[in-house]
Amino acid sequence: MRRRPLAMAIAIGAMLAVTAGCGGSDDKDTGSSGTPTAEKFVIYSARDKSVTDYVVEQFTTKNPEYKGKVEVLNMGAQEVLERVRAEKANPQASVWWGGTQQGLAAGASEDLLESWQPSFAAKMDARYKDEQGRWFGEILLPEVIMYNNKALTPQTAPQDWDDLIDPKWKDKIIIRDVAASGTMRSIYSSMIQRLSPDGSNPQPGYEWLLKLDTNTVEYAANPADLYLKMSREQGVVSAWNLQDILLQANEGMPFDYIMPASGAPVLVDGVAAVKGGNTAAAQKFLEFLFDDSLRATLAKDYFQIPAVEIGEKPEWLANLNLKPMDVDWDVIGKNETAWITHWNAEIKDKG
């Protein structure tokens with residue numbers, strides 16, 4: 001009986017040690033050997049797996065205490081939002097890596113994201129970050145027309161958005177399923193907003209999307225499905241983001257793009273620390289993500305357009321003839337959910 005206080009003290013001490021490892025401003029512990037240790041953390045990412053694999057490898061090389069302790073789950077940007085939202089009472093992720101400005105703003109408004117001020121925030125344009133420090137733009141994603149360059153040439157591919165609804169492209173267009181994709185939600189919402197600048201009358205946009213649905217042979221379940229079917233010419237035209245098209249082309253896929261004559265919606269795609277996750281690890285990872293040398297490598301080798309200035313632009317970026325479309329993302333942010341819900345229920349597969 002006399003041993004119970006000692007046992008209780010040991011148990012309480014162990015609990016305090018675990019608590020200290022899960023929070024606070026420092027996620028490192030130094031054991032008797034002097035080797036740093038760290039708590040495991042989970043990243044939900046809409047980035048291409050080749051990008052996440054490379055960055056995590058670089059991160060754990062620089063921070064070896066995290067070797068084997070970083071888990072990445074790749075999914076669509078909208079799926080990230082829905083999963084973080086569903087897990088609000090018991091967060092499973094610490095980092096949200098890859099989300100549209102609209103999605104991240106929604107997450108911030110629902111108190112899903114941690115507020116902080118990283119070192120890289122000072123050099124970022126105010127348009128590309130949340131004023132309360134809950135999310136930060138990582139890259140800019142032009143949304144363009146994608147085509148199979150074995151089936152089409154730069155001259156025979158569609159040259160602008162309205163070309164996609166020409167009957168000549170019936171059953172030749174394949175689209176990534178819209179509802180789960182931040183990229184596609186942004187493209188479709190941009191098509192509606194360009195025909196209703198204040199968002200008050202989406203009907204002309206709905207009619208445009210119905211014509212596009214008529215020409216769409218299939219909705220691909222995920223990006224991998226889209227790439228496979230495009231490469232097999234089950235569809236030879238799509239709408240997609242520039243970075244992923246260039247990544248796939250660099251890996252040997254028969255893909256190229258057209259910069260739409262009327263302009264490309266340019267999406268701010270960002271990152272955030274999930275509230276209630278491993279905050280210290282999340283902040284360390286996000287600080288690493290904005291390291292100048294890493295940003296330069298991601299621009300050169302992974303075709304990213306960084307949301308912060310880098311010292312030297314790679315040739316492809318310096319020569320990019322980007323023509324941004326005039327898009328009001330605030331209008332889209334207020335209406336996107338209603339617009340995409342309507343599309344899903346009233347337009348998809350009805351053309």
Side-chain angles (χ1 to χ4, degrees), residues 76 78 141-196 201-242 244-246 248-249 253-267 323 325 327 332 335-336 338-351:
Q78 183 65 19
L141 284 179
E143 315 295 351
V144 298
I145 296 169
M146 174 184 183
Y147 68 94
N148 182 309
N149 60 16
K150 288 185 176 179
L152 300 169
T153 68
Q155 293 73 37
T156 60
Q159 301 298 302
D160 206 355
W161 298 111
D162 285 341
D163 292 344
L164 298 180
I165 62 174
D166 188 313
K168 70 181 284 187
W169 297 108
K170 182 173 173 58
D171 293 337
K172 295 181 179 179
I173 296 175
I174 185 164
I175 296 288
R176 157 73 160 111
D177 195 26
V178 177
S181 168
T183 291
M184 292 313 308
R185 293 170 74 97
S186 297
I187 293 174
Y188 275 38
S189 294
S190 296
M191 296 302 103
I192 296 172
Q193 194 263 324
R194 75 187 178 116
L195 298 174
S196 178
N201 179 23
Q203 192 57 40
Y206 291 159
E207 292 171 3
W208 190 95
L209 290 175
L210 183 63
K211 293 176 182 178
L212 180 60
D213 180 78
T214 300
N215 285 352
T216 300
V217 66
E218 188 174 351
Y219 293 96
N222 51 54
D225 190 37
L226 172 67
Y227 305 148
L228 179 63
K229 290 174 178 176
M230 281 281 292
S231 68
R232 291 176 174 174
E233 299 186 26
Q234 291 171 250
V236 296
V237 174
S238 190
W240 198 234
N241 73 77
L242 176 62
D244 284 349
I245 296 170
L246 294 176
Q248 294 301 314
M253 284 292 199
F255 303 155
D256 209 335
Y257 74 94
I258 296 293
M259 186 65 65
S262 61
V266 180
L267 187 66
K323 183 178 181 181
M325 178 186 286
V327 176
I332 288 178
N335 293 282
E336 180 185 286
W339 290 348
I340 300 303
T341 298
H342 177 89
W343 175 84
N344 208 38
E346 305 296 334
I347 298 174
K348 181 182 179 183
D349 295 326
K350 293 180 172 59

Quick one: do M191 and M325 satisfy side chain to side chain contact (heavy atoms under 4.5 Å, CB included)? Show the steps, please.
-> CA-CA 10 Å; M191 296 302 103; M325 178 186 286; 3.9 Å; yes
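- Although no hydrogens or angles enter the test, the distance criterion places a donor-acceptor pair under 3.5 Å between the side chain of D163 and the main chain of D160.
- With sequence neighbours excluded, the residues satisfying side chain to side chain donor-acceptor pair (under 3.5 Å) with Y227 are W240.
- Between the side chain of E346 and the main chain of N344, no donor-acceptor pair closer than 3.5 Å is present.
- The 12-atom threshold is not exceeded at NZ of K172, counting heavy atoms of other residues, nucleotides or ligands nearer than 6.0 Å.
- Looking at N241 and L267, their side chains never come closer than 4.5 Å, going by heavy atoms from C-beta outward.
- Shown here is K350, whose NZ atom has more than 12 heavy atoms of other residues, nucleotides or ligands within 6.0 Å.
- With rounding to the nearest 0.5 angstrom, the NZ atom of K150 is 10.0 Å from the CZ atom of F255.
- Residue pairs meeting the ring pair (Phe, Tyr, Trp, His ring centres under 6.0 Å) criterion with at least one partner in residues 147-167, sequence neighbours excluded, do not occur; the list is empty.
- Put simply, the side chain of S189 never gets that close to the backbone of S186: no donor and acceptor are under 3.5 Å apart.
- Taking CH2 of W208 as the start and OH of Y188 as the end, the distance is 7.0 Å to the nearest 0.5 Å.
- Within the 4.5 Å cutoff, the side chain of S238 has heavy atoms near those of the M230 side chain.
- Panel note: side chain T216, backbone L212; a donor-acceptor pair is recorded below 3.5 Å.
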What's the verdict on side chain to side chain contact (heavy atoms under 4.5 Å, CB included) for L164 and V237, showing C-alpha distance, side-chain angles and the deciding distance?
-> CA-CA 9 Å; L164 298 180; V237 174; 3.7 Å; yes
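- Put simply, CD on E218 and CD on Q234 are 6.5 Å apart, with the number rounded to the nearest 0.5 Å.
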Could you go step by step and tell me if I187 and T183 meet the side chain to side chain contact (heavy atoms under 4.5 Å, CB included) rule?
-> CA-CA 6 Å; I187 293 174; T183 291; 3.9 Å; yes
Begin from the C-alpha positions of W339 and H342 and carry the test side chain to side chain contact (heavy atoms under 4.5 Å, CB included) through to its verdict.
-> CA-CA 5 Å; W339 290 348; H342 177 89; 5.8 Å; no
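- Tested against Y219 for a side-chain contact (heavy atoms from CB on, under 4.5 Å), the candidates I175, D225, L226 yield a single pass: I175.
- Taking the side chain as every heavy atom from C-beta outward, K323 and P260 never approach each other to under 4.5 Å.
- Contact annotation: the side chain of K348 approaches that of D177 to within less than 4.5 Å [non-hydrogen atoms, C-beta and beyond].
- A donor-acceptor pair under 3.5 Å is absent between the side-chain atoms of N215 and the main chain of I173, judged by distance alone.
- Residues passing the salt bridge (Lys or Arg N to Asp or Glu O under 4.0 Å) test with D162 are R194, sequence neighbours excluded.
- With rounding to the nearest 0.5 angstrom, the OG atom of S190 is 10.0 Å from the CE atom of M184.
- The distance from atom CD1 of I165 to atom CG of D213, rounded to the nearest 0.5 Å, is 12.5 Å.
- A donor-acceptor pair is defined here as one N or O able to donate and one able to accept, closer than 3.5 Å; no such pair exists between the side chain of D256 and the backbone of P154.
- In terms of heavy-atom proximity, N148 sits nearest to E233 at ND2-CG, 3.5 Å.
- We find the CD1-CD distance between I192 and E336 to be 9.5 Å, quoted to the nearest 0.5 Å.
- For the pair R176 (side chain) and A221 (backbone), a donor-acceptor distance under 3.5 Å is present.
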